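Notes to accompany the following structure.
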Amino acid sequence: MANILLVANLNCDRILRLNKPLKMGGRFHYQDGGQRLGGGGANTGIGLVWAGHDVALVSQVGRDEIGDWLLAEASTLGIDCRLMQRYQQHTCEMLLVMTPDGERTIIRPERPKFELAAPPNWHNWDAFYINSSAEGAVSWAKTALPHSLVVAQLAKDDRARPCHVLIASRADMQGRSELSPWEYGLSIAGDSLQAFIVTDGASGAVLYQADGETRVAAEPADVVDTTGAGDAYAAGLIHGLVRGDDYTLAMAEGARWAAFAVATESSIPGEQLKDYLEHAAH
């Protein structure tokens, strides 16, 4: 299929399951759900591997037992980790606080500074996905644009994200700008932008382009755990685009992958997505 390069986080998630919804000043009981593989690199990459793509990840982990475990887990699941970087500090766990309604709150330590090396040869990559605050990401994206499909997640701030396709959630857009969505997308992605996609959970997603907007419905799902839903959506979208789907068809595929994600008790994709992709291949 396609060669896809991801710049995204690889995390060791620690799951804390609360007995009731979070409330400021409250007291809660929790069950420790243990460690699990997570982060946008794993959540996006594994589904793309299952879909038959060759996926490589650029990220960083500590030079310790948790870092070793993360690389071993991701590699075992089919992600090429040869471009991963290691730092001297410990790899800290990401705390995911889950409430009975499936919502989650993320508590994480400050990440060490992550600087990308020189860009790769983009002729070897069909698609490039950015979901990281790594320094040098803008340079990588600019050099990739003439050669590869570039898809990016909107950052938590208004930093530039040169790309063809920009993805954001409706929650991320709250209070961001008084510009129209398309104009705001252009201010982040630049003139290369072809599509700005804003997801909104069960309400679906809206495709903004220079000539108008289109809403694509969400897939119905029984919500168990919303962790990784946005990553799964991005993966399904990329899968659709690299196989030649138009934007609305690719968004529908992203919605399908996200529905499988929220119905699974994990950050990374579950067996439902794997079964769906195996049946789709036959």
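Just so you know, residue 1 is the first one in the sequence shown, and it goes up from there. Keep in mind that this is a model prediction, so the values were computed, not measured.
The shortest side-chain heavy-atom distance between Leu37 and Ile46 falls under the 4.5 Å cut-off. Lys20 has its side chain within reach of Phe28: a pair of non-hydrogen atoms, C-beta onward, lies under 4.5 Å apart. Under the 4.5 Å side-chain criterion, counting only non-hydrogen atoms from C-beta, Leu166 is in contact with Leu193.
Judged purely by atom type and a 3.5 angstrom limit, Ser59 uses its side chain to pair as donor or acceptor with the backbone of Ala8. Looking only at distances, no side-chain donor or acceptor of Asn11 sits under 3.5 Å from a matching main-chain atom of Asp13. The backbone N or O of Leu241 lies less than 3.5 Å from no partner atom in the side chain of Asp245, so there is not a single donor-acceptor pair. Of the possible donor and acceptor atoms, one in the side chain of Gln60 sits under 3.5 Å from a partner among the backbone N and O of Pro112. One N or O on the side chain of Ser148 and one on the backbone of Trp125 form a donor-acceptor pair closer than 3.5 Å. For Arg86 (side chain) and Gly62 (main-chain N/O), a donor-acceptor pair under 3.5 Å exists by modelled atom type. Judged by distance alone, with hydrogens and angles left aside, the side-chain atoms of Arg161 form a donor-acceptor pair with the main-chain N or O of Gln153 at under 3.5 Å. A donor-acceptor contact shorter than 3.5 Å is absent between the side chain of Arg82 and the backbone of Leu57. Under a 3.5 Å cut-off, the side chain of Gln209 and the backbone N or O of Gln194 do form a donor-acceptor pair.
Nearest heavy atom pair, residue Val49 against residue Leu77, reads CG1-O, 3.7 Å. Contact between Trp257 and Ala51 at its shortest, heavy atoms only, is CH2-CB, 4.0 Å.
Under the side chain to side chain contact (heavy atoms under 4.5 Å, CB included) rule, Ile107 has a single partner from Leu96, Leu16, Leu95, which is Leu95.
With sequence neighbours excluded, no residue forms a salt bridge (Lys or Arg N to Asp or Glu O under 4.0 Å) with Arg170.
Ring pair Phe128/Trp140 is tilted by interplanar angle, where 30° to 60° counts as tilted. In this structure, His239 and His53 have perpendicular ring planes: the angle between them is above 60°, well past the 30° mark.
With salt bridges taken as basic N to acidic carboxylate O contacts below 4.0 Å, none links Asp126 and Arg243.
Side-chain polar atoms of Trp69 and Glu65 form no donor-acceptor pair below 3.5 angstrom.
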